[in-house]
Visitor: 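This is the structure I want to talk about, given as structure tokens.
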Amino acid sequence: MGSFKQTQTTPYTDQKPGTSGLRKRVSVFQQENYLENFVQSVFSTLPQLIGGKIVLGGDGRYLNNHAIQIILRIASANGVAEVLLGQDGILSTPACSHLIRKHGCNGGFVLSASHNPAGENGDFGIKFNVENGGPAGTSITDAIFEFSKSISSYKINEGQIDTSLIGTQKLEGMTVTVIDPVADFADLMESLFDFNAIRSLLASGFTLAFDAMHAVTGPYAKTIFGTRLGLPLENLLNAVPLPDFGGGHPDPNPVYAKSLFDLMYGLQSPDFGAASDGDGDRYIVLGSKFYVSPSDSLAIIAANAHLTPGYKDGITGVARSMPTSRAADMVAEHLKIPSFETPTGWKYFGNLLETGQITICGEESAGTSSDHIREKDGLWAILMWLNIIAVRKQSVEDITRQHWKQFGRHYYTRHDYEAVKKSKAEAVMNTLRESLPDLTGQQLLGETVKNADSFNYIDPVDGSVAKNQGLRVFFESGARFVMRLSGTGTEGATLRLYLESYVGPDGNHNLDLAQATSALAQIADELTHLKKTVNRDRPTVIS
Ligand code: VG1
Ligand code: CO
């Protein structure tokens with residue numbers, strides 16, 4: 001371990017990880033020892049990392065390279081034996097999860113604030129994943145947070161690693177192996193999906209556009225779609241990761257991925273459009289002039305996965321986060337397999353995946369994945385769609401419409417009110433929470449409330465409890481709305497309102513989405529005084 005330096009520090013009080021890691025403004029991370037404190041808190045909380053092997057990389061945003069050198073120096077001083085480091089500091093969240101599993105590592109860091117804007121004035125973040133490749137659960141993140149509140153020193157070595165040089169280097173006693181961030185992940189994808197069939201599809205005139213939004217998936221897309229599937233590189237948009245993500249906001253939704261939506265709804269629209277988020281764990285899929293809601297995408301993937309080589313024996317069960325539409329539940333019922341409802345955040349799927357109770361899981365926010373890793377996986381979902389299309393030889397729209405014909409359609413939309421005053425957002429939540437006991441039986445704009453509650457979750461595997469994971473109001477018609485506060489924002493608070501209504505297989509599947517959910521939005525507003533309280537006349541983002 002050499003002669004590391006023990007540096008005195010003073011604790012911060014705000015290093016509590018949220019839905020997915022610790023996310024703060026870059027300026028917060030730039031405070032003296034802020035990053036060092038948090039990283040030391042991880043090593044001090046998890047003794048298994050000492051003498052162990054970890055994975056390290058990030059989405060390429062501002063501070064990525066700086067943070068990598070700091071983490072390497074602290075890891076070395078804490079006695080970590082080996083680090084697998086993505087070349088140039090690049091690693092997507094799903095690729096990190098895979099590397100941890102493939103190489104039997106004790107954990108890994110992904111430096112990302114995912115969809116949050118990047119650059120000097122943007123956000124930075126650190127996610128820590130455990131030895132199964134999945135995000136650390138709340139018992140671990142709570143322990144890290146507790147430690148961070150009383151930290152008084154950290155260990156750090158001197159030294160620097162050339163992150164561009166594939167191969168092995170040393171930082172004091174620690175081995176650092178710089179690896180191609182893409183190769184192992186691309187191999188995994190090739191083992192799950194029929195690349196020959198997808199290659200033929202792409203060669204047959206089927207057109208595809210992929211938008212990497214100047215975030216981490218550019219290099220992955222170049223290898224997978226370009227080199228391995230033969231797609232001409234001009235079909236890959238914004239495929240170079242930039243420290244500020246080109247000024248964009250890599251959340252693949254109609255607002256932040258507008259240029260892709262414009263292309264897909266334009267005159268010469270390709271047959272298939274896809275984009276992924278900052279760290280590559282989320283995605284969207286569009287057909288020509290057709291948008292697949294992420295909740296529908298989860299259900300369609302669950303219903304069709306058996307058409308692909310990796311899932312040809314069928315799936316054991318499905319899980320979705322609570323606000324995700326219930327479309328996937330209906331597929332599970334049809335397949336006679338269990339379905340689970342978990343709180344928002346991938347960490348809650350971990351135990352179900354580990355115990356083999358589910359094969360496929362997903363969230364309305366466009367994270368979908370399977371038991372091939374322990375993270376959500378945007379490129380996996382996109383390749384799954386391409387494989388299904390190659391087998392079914394139907395368009396995205398036809399596959400989706402046929403799905404609705406069989407299972408009915410869940411009209412689903414999410415309204416985000418971003419960067420509102422925290423106290424105001426809390427007031428909205430409190431108004432609704434206090435009214436919950438009196439709602440049952442109330443008639444509101446043609447809907448009758450069936451029941452209403454605050455979602456509490458008991459993990460079926462380890463019995464751990466997660467309370468108050470969102471407020472839910474169910475209607476007799478089968479519609480519902482959900483309201484919760486985001487745990488990933490860094491400015492004020494973000495209120496999320498999730499609206500869902502259902503029409504059966506024989507119902508009208510051609511309603512305008514906004515129209516189909518407008519009464520619900522109005523009811524939610526009446527019950528919470530949302531717009532008036534946060535002083536906005538419309539949501540920041542509708543997805
Ligand atoms: C959001 C999404 C959630 C997702 C999380 C992390 O969380 O709603 O479904 O798991 O982002 O995704 P919240 O708490 O803001 O609603 V990622 O891709 O940004 O790491
Ligand atoms: Co992400």
Side-chain angles (χ1 to χ4, degrees), residues 92 94-95 182 185-213 217-237 239 252 257 260 263-264 269-277 280-294 296-312 315 359-360 362 366-370 372-373 376-403:
S92 74
V182 178
F185 180 78
D187 289 347
L188 175 67
M189 294 299 110
E190 206 160 346
S191 76
L192 295 171
F193 300 113
D194 186 347
F195 271 38
N196 285 333
I198 300 174
R199 204 177 297 114
S200 308
L201 175 76
L202 295 177
S204 72
F206 180 91
T207 47
L208 182 159
F210 173 78
D211 189 345
M213 302 186 83
T217 48
Y220 292 85
K222 280 184 190 157
T223 297
I224 294 172
F225 294 126
T227 315
R228 301 208 184 183
L229 290 169
L231 185 77
L233 290 186
E234 68 257 26
N235 298 11
L236 304 178
L237 315 172
L260 180 72
L263 176 70
M264 295 307 296
S269 56
D271 297 310
F272 187 91
S276 62
D277 76 331
D281 54 1
R282 294 185 295 117
Y283 71 106
I284 42 160
V285 159
L286 295 117
S288 171
K289 303 183 180 56
F290 191 82
Y291 169 58
V292 185
S293 114
D296 277 347
S297 180
L298 169 65
I300 291 167
I301 286 175
N304 291 279
H306 65 279
L307 301 175
T308 66
Y311 306 87
K312 63 177 185 323
I315 57 177
T359 308
I360 286 184
T368 308
S369 192
S370 84
H372 67 292
I373 53 170
K376 43 198 190 293
D377 190 342
L379 285 166
W380 173 90
I382 293 164
L383 290 164
M384 173 65 93
W385 264 96
L386 290 170
N387 198 155
I388 292 168
I389 291 169
V391 173
R392 291 186 50 170
K393 304 197 187 329
Q394 285 175 295
S395 69
V396 172
E397 176 166 357
D398 287 348
I399 289 172
T400 307
R401 288 193 178 280
Q402 215 162 308
H403 188 89

Visitor: Can you list everything that forms a salt bridge (Lys or Arg N to Asp or Glu O under 4.0 Å) with D277? Sequence neighbours excluded, please.
Guide: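 For D277 the salt bridge (Lys or Arg N to Asp or Glu O under 4.0 Å) partners, ignoring immediate neighbours, are R282.
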
Visitor: Please identify each residue that fulfils side chain to side chain donor-acceptor pair (under 3.5 Å) with S288, with sequence neighbours left out.
Guide: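 In terms of side chain to side chain donor-acceptor pair (under 3.5 Å), with neighbours along the sequence ignored, S288 is linked to S269.
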
Visitor: Is there a side-chain contact between L383 and L229 in this structure, where contact means two heavy atoms from C-beta onward sitting under 4.5 Å apart?
Guide: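 Yes, close enough: below the 4.5 Å cut-off.
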
Visitor: If only side-chain N and O atoms count, and only distance matters, is there a donor-acceptor pair under 3.5 Å linking D296 with H403?
Guide: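 Short answer, no.
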
Visitor: With sequence neighbours excluded, what pairs up with Q402 under the side chain to side chain contact (heavy atoms under 4.5 Å, CB included) test?
Guide: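 Applying side chain to side chain contact (heavy atoms under 4.5 Å, CB included) to Q402 gives R392, Q394.
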
Visitor: Among residues at least two apart in sequence or on other chains, which ones pass side chain to side chain contact (heavy atoms under 4.5 Å, CB included) with N235?
Guide: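 N235 satisfies side chain to side chain contact (heavy atoms under 4.5 Å, CB included) with L231, P232 only.
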
Visitor: Taking only residues two or more places apart in sequence or in another chain, which ones pass ring pair (Phe, Tyr, Trp, His ring centres under 6.0 Å) with Y291?
Guide: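 In terms of ring pair (Phe, Tyr, Trp, His ring centres under 6.0 Å), with neighbours along the sequence ignored, Y291 is linked to F261.
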
Visitor: Could you check if a side-chain atom of L286 sits within less than 4.5 angstrom of a side-chain atom of I284, using non-hydrogen atoms only?
Guide: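 Heavy-atom side-chain distance check passes, below 4.5 Å.
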
Visitor: Using the test side chain to side chain donor-acceptor pair (under 3.5 Å), find all partners of S293 that sit at least two apart in sequence or belong to another chain.
Guide: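 Result, side chain to side chain donor-acceptor pair (under 3.5 Å) vs S293: none returned.
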
Visitor: Once salt bridge (Lys or Arg N to Asp or Glu O under 4.0 Å) is applied, what residue pairs with a partner in residues 393-402 remain, sequence neighbours excluded?
Guide: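 Listed once each, the pairs are E397-R401.
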
Visitor: Rounded to the nearest 0.5 Å, what's the gap from CG on N196 to CG on L201? Could you check?
Guide: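 Reported to 0.5 Å precision, the distance equals 12.5 Å.
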
Visitor: Does the side chain of V292 reach to within under 4.5 Å of the side chain of W385, using non-hydrogen atoms?
Guide: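 Heavy-atom side-chain distance check passes, below 4.5 Å.
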
Visitor: Which residues satisfy the side chain to side chain donor-acceptor pair (under 3.5 Å) test with Y283, sequence neighbours excluded?
Guide: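 For Y283 the side chain to side chain donor-acceptor pair (under 3.5 Å) partners, ignoring immediate neighbours, are S297, T368.
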
Visitor: Atom CG of D281 and atom OG of S369: how far apart are they, to the nearest 0.5 Å?
Guide: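 D281 CG to S369 OG: 9.0 Å, rounded to 0.5 Å.
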
Visitor: Can you name the nearest heavy-atom pair linking P252 to A257, along with the distance?
Guide: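 Result for this residue pair: CA-CB, 4.1 Å.
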
Visitor: Donor-acceptor check, side chain of T207 to backbone of D271, threshold 3.5 angstrom: yes or no?
Guide: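 Yes.
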
Visitor: List the atom of S370, the atom of I360, and the distance in Å for their closest heavy-atom pair.
Guide: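 Taking every non-hydrogen atom into account, CB-CG1, 4.1 Å.
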
Visitor: Which value, rounded to the nearest 0.5 Å, describes the distance between I388 atom CD1 and L307 atom CG?
Guide: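 Going from CD1 on I388 over to CG on L307, the span is 6.5 Å.
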
Visitor: Let me confirm one number: the CH2-CD1 distance from W380 to I301, rounded to the nearest 0.5 Å.
Guide: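 Going from the CH2 atom of W380 to the CD1 atom of I301 covers 5.0 Å.
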
Visitor: Measure the spacing between NZ of K222 and OG1 of T227 and express it to the nearest 0.5 Å.
Guide: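 One finds 10.0 Å between NZ of K222 and OG1 of T227.
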
Visitor: Might you point out which heavy atoms bring P270 and A209 nearest each other, and give the distance in Å?
Guide: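 So the minimum-distance heavy-atom pair works out to CG-CB, 4.0 Å.
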
Visitor: Report the residues that fulfil side chain to side chain contact (heavy atoms under 4.5 Å, CB included) with S200, sequence neighbours left out, ordered by chain and then residue number.
Guide: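 With sequence neighbours excluded, S200 shows a side chain to side chain contact (heavy atoms under 4.5 Å, CB included) to no residue whatsoever.
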
Visitor: Are F225 and L386 close enough that some pair of their side-chain heavy atoms sits under 4.5 Å apart?
Guide: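 Yes, their side chains come closer than 4.5 Å.
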
Visitor: Answer whether the closest heavy-atom distance between the side chains of F185 and D377 falls below 4.5 Å.
Guide: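 SC-SC contact between F185 and D377 confirmed.
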
Visitor: Identify the heavy atoms of G226 and L233 that sit nearest to each other, and give their distance.
Guide: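 Closest pair (atom of G226, atom of L233, distance): CA-CD2, 4.1 Å.
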
Visitor: If you look at every heavy atom in S92 and A95, which pair is closest and at what distance?
Guide: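 S92 and A95 have their closest heavy atoms at OG-N, 3.1 Å.
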
Visitor: Not counting sequence neighbours, list each pair that qualifies as a salt bridge (Lys or Arg N to Asp or Glu O under 4.0 Å) and has a residue in residues 194-203.
Guide: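 Pairs touching residues 194-203 that pass the test: none.
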
Visitor: Given side chains that start at C-beta, do those of L379 and T217 come closer than 4.5 Å, heavy atoms only?
Guide: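 The answer is yes; the side chains approach within 4.5 Å.
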
Visitor: Measuring from atom OG of S191 to atom NE2 of H372, what distance do you get when rounded to the nearest 0.5 angstrom?
Guide: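 Reported value, rounded in 0.5 Å steps: 9.0 Å.
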
Visitor: Give a yes or no on whether the backbone of A305 and the side-chain of T308 come within a donor-acceptor separation of less than 3.5 Å.
Guide: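 Yes.
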
Visitor: Just so I know, are the side chains of F195 and N387 near enough to count as touching, which here means a heavy-atom distance under 4.5 Å?
Guide: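 Answer no - side chains too far apart.
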
Visitor: Under the side chain to side chain contact (heavy atoms under 4.5 Å, CB included) rule, collect the residues that match up with A274, sequence neighbours excluded.
Guide: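 Counting only residues at least two positions away or on another chain, A274 forms a side chain to side chain contact (heavy atoms under 4.5 Å, CB included) with F210, F272, I382.
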
Visitor: Identify, with sequence neighbours excluded, every residue that meets salt bridge (Lys or Arg N to Asp or Glu O under 4.0 Å) alongside D187.
Guide: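 Partners of D187 under the salt bridge (Lys or Arg N to Asp or Glu O under 4.0 Å) test: R228.
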
Visitor: Can you find a pair of side-chain heavy atoms, one from H306 and one from Y311, that are under 4.5 Å apart?
Guide: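 Counting from C-beta outward, H306 and Y311 never come under 4.5 Å.
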
